[in-house]
2 protein chains.
Amino acid sequence: MTEAHTSTELAIEKLREAILSGELLPGDRLHQDRLAEMLGISRTPLRAALTTLAQTGLVSYESNRGFYVREFSIAEVSGAFEVRAELEAMACRLAAANMTDAARKYLADLVAEGDRLLEPGALLPENLGAYRRMNVNFHTAVMDLSGNAWIRTFVQSLHNVPAASDRVIMWRDFRVIERSHDDHHRIARALAKGQGERAAAIMREHITFALEHLDLQLKLYPQDFLRMPSPDKPAKGRKASRSKRSSE
Amino acid sequence: MTEAHTSTELAIEKLREAILSGELLPGDRLHQDRLAEMLGISRTPLRAALTTLAQTGLVSYESNRGFYVREFSIAEVSGAFEVRAELEAMACRLAAANMTDAARKYLADLVAEGDRLLEPGALLPENLGAYRRMNVNFHTAVMDLSGNAWIRTFVQSLHNVPAASDRVIMWRDFRVIERSHDDHHRIARALAKGQGERAAAIMREHITFALEHLDLQLKLYPQDFLRMPSPDKPAKGRKASRSKRSSE
DNA sequence: AATACAATTTTTGGATACATTAAGCGAAAC
DNA sequence: GTTTCGCTTAATGTATCCAAAAATTGTATT
């Protein structure tokens, strides 16, 4: 699938991973010469990658001044959830009118997969990746079923907001996970029966609560969010991030 | 205002204009050497511009195959309106809670400006630009008042869908314009009074109707809108791309 | 001492030259 | 006659070099 083997695409992947995993911190200056050397490529593909990421929203750019890892305010993070809630609720409303037997089965299978992963009475570490994938697939499926490709496009780009990313499922409370998965059950059933508004309402709350919960977690365990652990690649030793200008 | 000093930004502007104005047709191959020469720049900034536009959604790209002017299906165009309706309705709901006296005055001024432009009993050609700007400013203002920056970001990118662009106000029927502007009146008043849901409902219909009307216009005067992709549609496979026009 | 200004250094933006990839074409094999 | 392989060619991807802009430093003037 991912036969992305142009230097530019490689750089995009590497940089995205570095940013979402917290290896590069918000506000960090992205020095072209140094970054290019680090990645072992020249500045041309690097600049192409940065340009792409800038449009994606992961990095910011000012002409003649360079690229920075984008910083997101609390308002932007919660705004991302707000919009996600609205768009995915919309997806539910539309999807309800497009349900086929195949669609019903696909959603049911995903939900059943979730049941299986939660059966132990806890979300075991070795199941976390699978659960996360299931979750992503479920939400993606609903959006695809909506028949409106823009929804998925925009929600996708909201996932580039670090704390709003799909990869963040740091639910410590199993009851929260159970409830969340129960939402999936209900959404799938509502859609199967063509109850679009009902599915939309559940979905909206499903995502709105995720923000509320993130907010709580942020207050309880702030340190966990400064650097997100990457599932496959642990963050490498970061070079000294020298002090930002604190004056002014 | 648009002091586009860097070549890349200039190229972005030029290309965007060329695409949205229909000078470049959907499906057209964007040949780097030729385009660079046409624009009087080298391939480096051109590629940067194309990369940006590709992320923006105006052009499509396949590695090692090049850039094309993106083609939008009817479904994507109407999907764009659907999402716009939802997002701008959402903006109304949020904005209603953020109204200040300054905001009320700003919206009122825009509406009054519209009144002035429509007073002649017709939208005179020399007023079309001003009316379009007023319209853009009104919608933008509501989105900004929502306090959620993502809304504006996404709606902005929906305006890159050629037929869904702000620039398309080809309303031939003055009554349609009057009604549309009356919607603006009501939205402004509703927001001023904090009636978020009401404003949202009007806004949703305001945009939904725009799609319906576009649809109608499309059937009546198809040639005015999309100078649709030429007879030979290069779907994947390389075809004789003899679509080059006049100047050589 | 502080500020304004000029020269130097650093960094980004752009042009050109080179490498790589893939589409187009033709000859040879079956 | 058809297919397959390899060569040709044209276009894309990358590296390097040069120019322009910004940041920085140092100096001189008030």
Side-chain angles (χ1 to χ4, degrees), chain A residues 1-16 24 27-55 58-70 239 241-248, chain B residues 2-16 24 27-55 58-70 232-244 248:
Chain A
M1 263 339 206
T2 43
E3 50 217 279
H5 289 107
T6 145
S7 297
T8 303
E9 287 159 357
L10 237 338
I12 292 175
E13 271 314 303
K14 286 260 184 71
L15 288 174
R16 168 173 294 140
L24 289 170
D28 273 3
R29 176 107 195 272
L30 296 171
H31 208 284
Q32 300 183 2
D33 277 323
R34 292 174 211 169
L35 253 187
E37 195 184 359
M38 282 183 203
L39 295 174
I41 59 179
S42 87
R43 278 178 53 215
T44 310
L46 172 65
R47 282 177 61 83
L50 288 172
T51 302
T52 297
L53 293 174
Q55 285 302 318
L58 271 181
V59 313
S60 59
Y61 168 75
E62 288 171 276
S63 37
N64 286 316
R65 299 190 66 162
F67 295 87
Y68 298 79
V69 179
R70 175 153 166 199
K239 63 170 170 135
S241 51
R242 53 225 152 290
S243 58
K244 321 248 181 278
R245 51 216 108 265
S246 45
S247 49
E248 272 166 79
Chain B
T2 46
E3 65 232 76
H5 21 24
T6 148
S7 297
T8 302
E9 287 160 358
L10 219 105
I12 292 175
E13 273 311 305
K14 285 260 185 71
L15 288 173
R16 188 197 307 277
L24 290 170
D28 272 4
R29 176 107 194 268
L30 296 170
H31 207 285
Q32 299 183 3
D33 278 321
R34 293 173 208 169
L35 252 187
E37 196 185 358
M38 283 183 202
L39 295 175
I41 58 179
S42 87
R43 277 178 54 218
T44 310
L46 173 64
R47 281 177 62 83
L50 288 172
T51 302
T52 297
L53 293 174
Q55 286 301 319
L58 271 182
V59 312
S60 59
Y61 168 75
E62 289 171 274
S63 31
N64 286 316
R65 299 184 71 167
F67 295 89
Y68 298 79
V69 178
R70 176 154 167 200
D232 55 328
K233 195 173 143 190
K236 258 321 185 248
R238 198 55 66 252
K239 280 288 196 169
S241 32
R242 283 278 55 89
S243 54
K244 287 275 299 173
E248 191 73 63

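Residue numbers start from 1 in every chain, and the chains themselves are labelled A, B, ... in the order their sequence lines are given, proteins ahead of strands.
Between A/Thr6 and D/dT14 there is a side-chain polar atom (N or O) within less than 4.0 angstrom of OP1 or OP2. Residue A/Arg43 places none of its side-chain N or O atoms closer than 4.0 Å to OP1 or OP2 of D/dT16. Between B/Ser63 and the phosphate of D/dG13, there is no side-chain N or O to OP1/OP2 separation shorter than 4.0 Å. Residue A/Arg65 places at least one side-chain N or O under 4.0 Å from the OP1 or OP2 atom of D/dA23. Note on B/Arg34: a side-chain N or O is less than 4.0 Å away from OP1 or OP2 of D/dA11. Between A/Thr8 and D/dT14, a side-chain N or O to OP1/OP2 separation shorter than 4.0 Å is present. Within the 4.0 Å cut-off from OP1 or OP2 of D/dA10, not a single side-chain nitrogen or oxygen of B/Gln32 is found. The phosphate of D/dG13 has neither OP1 nor OP2 within less than 4.0 Å of any side-chain N or O from A/Ser7. The side chain of A/Tyr68 places no N or O atom within less than 4.0 Å of a non-bridging phosphate oxygen (OP1 or OP2) of C/dT12. For D/dA11, one of the phosphate oxygens OP1 or OP2 lies less than 4.0 angstrom from a side-chain nitrogen or oxygen of B/His31.
Separating the CD atom of A/Glu37 from the P atom of C/dT11 is a distance of 13 Å, rounded to the nearest angstrom. With rounding to whole Å, B/Asn64 atom CG is found 10 Å from D/dA11 atom C1'. Atom CZ in A/Phe67 sits about 10 Å away from atom C1' in C/dG13, given to the nearest Å. Computed from coordinates, the A/Arg47 CZ to D/dG13 P distance equals 17 Å when rounded to whole Å. Whole-Å rounding puts the B/Ile12 CD1 to C/dG13 C1' distance at 13 Å. Atom CG in B/Leu50 sits roughly 15 Å away from atom P in D/dA11 (whole-Å rounding). Distance, A/Leu46 CG to C/dT11 P: 14 Å, rounded to whole Å. Taking atom CD of B/Glu9 as the reference point, atom C1' of D/dA21 lies 13 Å away to the nearest angstrom.
Listed candidates were D/dT16, C/dG13, D/dA11. Nearest to the side chain of A/Ser42 is D/dT16. The nucleotide whose nearest atom lies closest to any side-chain atom of B/Ile41 is, among D/dG13, C/dA15, D/dA11, C/dA15.
To the nearest 0.5 Å, atoms CD1 (B/Ile12) and OG1 (B/Thr6) are separated by 8.0 Å. Between B/Phe67 atom CZ and B/Glu62 atom CD the span is 11.0 Å, to the nearest 0.5 Å. If you take CG on A/Leu46 and CD on A/Glu37, they are separated by 12.0 Å, rounding to the nearest 0.5 Å.
Annotation: side chain of B/Tyr61 is not in contact with side chain of B/Thr51 (no heavy-atom distance under 4.5 Å). The closest side-chain heavy-atom distance from A/Leu15 to A/Leu24 is below 4.5 Å.
With DNA chain D read from its 5' end, the first of the two nearest nucleotides for A/Gly40 and B/Leu30 is the one closest to B/Leu30. Nearest-nucleotide assignment on DNA chain D puts the 5′-proximal partner with B/Asp33, out of B/Asp33 and B/Thr44.
Ion pairing between A/Arg16 and A/Glu13 holds under the 4.0 Å rule for side-chain N and carboxylate O.
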